[in-house]
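Reading through the structure tokens given below for one structure.
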There are 2 protein chains.
Amino acid sequence: MNLIARIAEPQKVVRRAPALKQELPLDAILQGDCITEMARLPDKCVDMIFADPPYNLQLGGDLFRPEGGRVDAVDDEWDKFDSLAAYDGFTRDWLEQARRILKDDGTIWVIGSYHNIYRVGALLQDAEFWILNDIVWRKSNPMPNFRGTRFTNAHETLLWCSKSEKARYTFNYRAMKALNDDLQMRSDWLMPICSGGERVKGDDGSKAHPTQKPEALLYRILLACTKPGNLVLDPFFGTGTTGAVARRLGRRWIGIEREDAYVKVARDRIASTLPLDESAMKTVPDKREQPRVAFGTLVESGLVPAGTSLTDAKRRWTATVLADGSLTSDSHAGSIHKVGAALQGAPSCNGWTFWHVAVEGGLKPLDQLRQQHLGANG
Amino acid sequence: MNLIARIAEPQKVVRRAPALKQELPLDAILQGDCITEMARLPDKCVDMIFADPPYNLQLGGDLFRPEGGRVDAVDDEWDKFDSLAAYDGFTRDWLEQARRILKDDGTIWVIGSYHNIYRVGALLQDAEFWILNDIVWRKSNPMPNFRGTRFTNAHETLLWCSKSEKARYTFNYRAMKALNDDLQMRSDWLMPICSGGERVKGDDGSKAHPTQKPEALLYRILLACTKPGNLVLDPFFGTGTTGAVARRLGRRWIGIEREDAYVKVARDRIASTLPLDESAMKTVPDKREQPRVAFGTLVESGLVPAGTSLTDAKRRWTATVLADGSLTSDSHAGSIHKVGAALQGAPSCNGWTFWHVAVEGGLKPLDQLRQQHLGANG
DNA sequence: CCTCGATCTGAATCTCGAT
DNA sequence: GATCGAGATTCAGATCGAG
């Protein structure tokens, strides 16, 4: 192994050891503040940067689940900033170093949530980075909104930028297309959050890091934007997902991490030969989700307008479609399935085949309209 | 029809016609510059703002499809800005007016792409708007990346903000859940781009506006964040999608549009849009808005007589109803909520769904008896 | 061995009206 | 403005123990 984890005295080291600017610590964890440590690296030396900076979540008090449990919030000191201005200043500083270290044809990836990504995006543009894509990581299993106050926050955003408009960056188009069943890889990626065996745990079984990213995410990024042997820098290394995936894919890496505990975890993780966990590699192909169509979608799209009267095949019952895709009959209200079941006194009912729309010359089941919708939008 | 389309001389009008600040032009198109026209509207007068500002696309030369056709790019004058700073200045100005016009409990939606949404998001936060969600519109039929140089840009982003952290905004949680097959509506929405019959065409068959938004998008937004009768402002009205959907859903609207051609198109389009039937406009009622029933009322009315024994769904605990509508168990006494919480050791508890009455063949939750009472007395 | 149910968890800006 | 109390609120998976 070729791991370095130094306990540095930043001020001294930066100023007095320019030597390090020549020799690059490959496949190594640099322990220390990310800006200080980046400052010690030479100009234009890395091919790609992946950065997962603090999100500045600004959470309030405790949040409880409906059944009584308490949500284990991200309340670590490293995510606390005094103000938006302080966060901006921090972001500007590390972006400045990142830009200096990055090769002219290299690219940078930054991940964030709505709390911080608009600050980061604007500052990237201010620093003359050129946005190539913004990528949406759609979580297949996000935490719900327990209080019913907003839309489920079910995604995070990644920004992918080159150093300038004219830069000739790496994009392995064919690899991405192959990874996506021979369709162009889109800007929305569906992936589960990091859990199960992939999630690094402490001795007490609790998660080692509150925001560990899934390897599948880094896998796709490294595969898309680097060549084998390229050097990848991760200035917010955490549990070392970037290093682990880089190693697996034959890329070189440098990680910067301040916290002692995370450095240890990352070192062990990368050192241990990970059995290729197929499940961690898998990304859910977008096609599989297409068959699921909410009835409300047909209402929104005007295929089954609100106010439409529905009936069953034998015209024994009728119900009316409301604006939100629910149904009302004389005695019941709810989804197409629930109302169908209630009217029949049955435990369950497939509303798609039960309910029909009157058309010229007869009745057409909702299922047929769903197929029509899929055909038009699939 | 009640449409206004004035040809204004902006500078004069703003300064000399404060009268308009009193009377609100409802269901009307105001023709003119968006900042000037907004300046003429009173403080805190609209419930929601939907804004689809210029994206500042910064497109280079013509883009050609593989088979030779030229892509019909957005190259209109209104999408051109000299610099990021100019775009920021413009954005700051219209956001300032938007904030002034918006009611304190109102919300604003802004849609954009990666070209502009990071500017807009940061400036929204700078103006002390509070981001509630960022929403990803996933296009089921995006334009492919013809050159194979990037990921297919398959989404746009919407920001939903209140005026402050503490503001009590409207969110029709139940309606959104109904629209999504009884699952919480997530922050990623799959919808086709506006095409086919919905796309407004000119006399020559070409599209009337380069970036017309689908009605389904506005439908979901208006249904989620407004009540019937609420007033919605769209300062970049274009072909009037916001007005058309607002009218369909029984919301009032004001549109601002500078271009003569778009004003005409929007006016005709909205005139031919029919409002939904009053009953079809309905959505499932939010529990929070139903009339409150004190548990004591059910005791008084004899629906749950004093002395009744209650139990939870798993029959782990029991309690007895007292004459005043309070409960006693072995160890606790108080309201149905307090006793339920205390027995479970939970911070809180909804006694209506926690406690059940034994009936023939099983258990019936108090909530069901409450509904029964409401049906009989509501 | 498998199945079923109970339990736990994840980057979360998570209530509101009456007094 | 602060306080108090009613009462509204969860999805997809992984894990583990019982049968």
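Excluded from the calculations below are hydrogen atoms, water molecules and symmetry mates; all remaining heavy atoms, backbone and side chain alike, are included. Just so it is clear, the structure is predicted and the values come from calculations on it, not from any experiment. Protein chains get the first letters and strands the later ones, always in sequence-line order, with residue 1 at the start of each.
Contacts of A/Thr211 with the nucleic acid, taken as non-hydrogen atoms under 4.0 Å apart, include base atoms. Within the nucleic acid shown, A/Pro53 comes within 4.0 Å of at least one base atom, counting heavy atoms only. Contacts of A/Gly61 with the nucleic acid, taken as non-hydrogen atoms under 4.0 Å apart, include base atoms. Heavy atoms of B/Leu132 sit nowhere under 4.0 angstrom from any nucleic acid atom.
Among residues two or more places apart in sequence or in another chain, the side chain to side chain donor-acceptor pair (under 3.5 Å) test is passed with B/Glu156 by B/Tyr55, B/Lys139. With sequence neighbours excluded, the residues that form a ring-ring contact (aromatic ring centres under 6.0 Å, His included) with A/Phe237 are A/Trp253. Checked against side chain to side chain contact (heavy atoms under 4.5 Å, CB included), A/Arg199 has the following partners two or more places apart in sequence or in another chain: A/Cys194, A/Lys201, A/Lys207, A/Gln212. Scored by the salt bridge (charged side-chain N to carboxylate O under 4.0 Å, His left out) test, B/Asp312 finds no partners at all (sequence neighbours excluded). By the side chain to side chain donor-acceptor pair (under 3.5 Å) test, B/Asp324 pairs with B/Ser326, sequence neighbours left out. Applying the ring-ring contact (aromatic ring centres under 6.0 Å, His included) rule to A/Phe146 yields no partners; only residues at least two apart in sequence or on another chain are considered. With sequence neighbours left out, the ring-ring contact (aromatic ring centres under 6.0 Å, His included) criterion links B/Phe129 to no other residue.
Only A/Val74, A/Trp78, A/Asp79, listed by number, bring a heavy atom of residues 74-90 of chain A to less than 4.0 angstrom from any atom of DNA chain C. Annotation: proximity of residues 297-305 of chain B to DNA chain D (heavy atom, distance under 4.0 Å) is found for no residue.
Nucleotides D/dA8 and C/dG17 place their C1' atoms 14 Å apart, quoted to the nearest Å. As rounded to the nearest Å, C/dA12 and D/dT9 have C1' atoms that lie 14 Å from one another. Using atom C1' as the reference point in both D/dA18 and C/dC1, the two lie 15 Å apart (nearest Å). Between C/dT7 and D/dT10, the two C1' atoms lie 14 Å apart (nearest whole Å). Between C/dC14 and C/dG10, the distance separating the two C1' atoms is 15 Å to the nearest Å.
Classified by interplanar angle (parallel below 30°, tilted 30° to 60°, perpendicular above 60°), the ring pair B/Phe354/B/Trp317 is tilted. The aromatic rings of A/Trp352 and A/Phe295 lie perpendicular to each other, with more than 60° between the two planes, well past the 30° mark.
Around the CG atom of A/Asp203, the shell of radius 6.0 Å holds no more than 12 heavy atoms that belong to other residues, nucleotides or ligands. A/Arg258 CZ: 12 or fewer foreign heavy atoms inside a 6.0 Å radius. Surrounding CG of A/Asp82 are at most 12 heavy atoms belonging to other residues, nucleotides or ligands under 6.0 Å away.
Here the two rings, on B/Phe171 and A/Phe151, have centers that are under 6.0 Å apart. Ring centers of B/His155 and A/Trp189: at least 6.0 Å apart, outside the cut-off.
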Chi angles and distances behind the side chain to side chain donor-acceptor pair (under 3.5 Å) call for A/Arg269, A/Thr239:
CA-CA 8 Å; A/Arg269 178 184 181 189; A/Thr239 57; 3.1 Å; yes
What string of B, S and - do you get for nucleotides 2-11 of chain D, 5' to 3', when a contact is any protein heavy atom under 4.0 Å?
---SSBBBBB
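With B/Trp160 as the partner, the ring-ring contact (aromatic ring centres under 6.0 Å, His included) test is satisfied by one option alone out of B/Tyr169, B/Trp130, B/Phe50: B/Tyr169.
For DNA chain C, the stems formed by at least three consecutive Watson-Crick or G-U pairs, with both atom-pair distances below 3.5 Å, span C:2-10 with D:11-19, C:15-19 with D:2-6.
Checking side-chain atoms of B/Gln368 against main-chain N and O of B/Lys364 turns up no donor-acceptor pair under 3.5 Å.
If B/Lys314 and B/Tyr169 are placed on DNA chain C by their nearest nucleotide, the residue sitting closer to the 5' end is B/Lys314.
Protein atom CD of A/Glu198 is 12 Å distant from nucleotide atom P of D/dT15, rounded to whole Å.
Taking 90° from 0 as the syn/anti boundary, the base of C/dT13 is oriented syn.
On the nucleic acid side, DNA chain C has its first and last nucleotide under 4.0 Å of a heavy atom of chain B at C/dT7 to C/dG17, going 5' to 3'.
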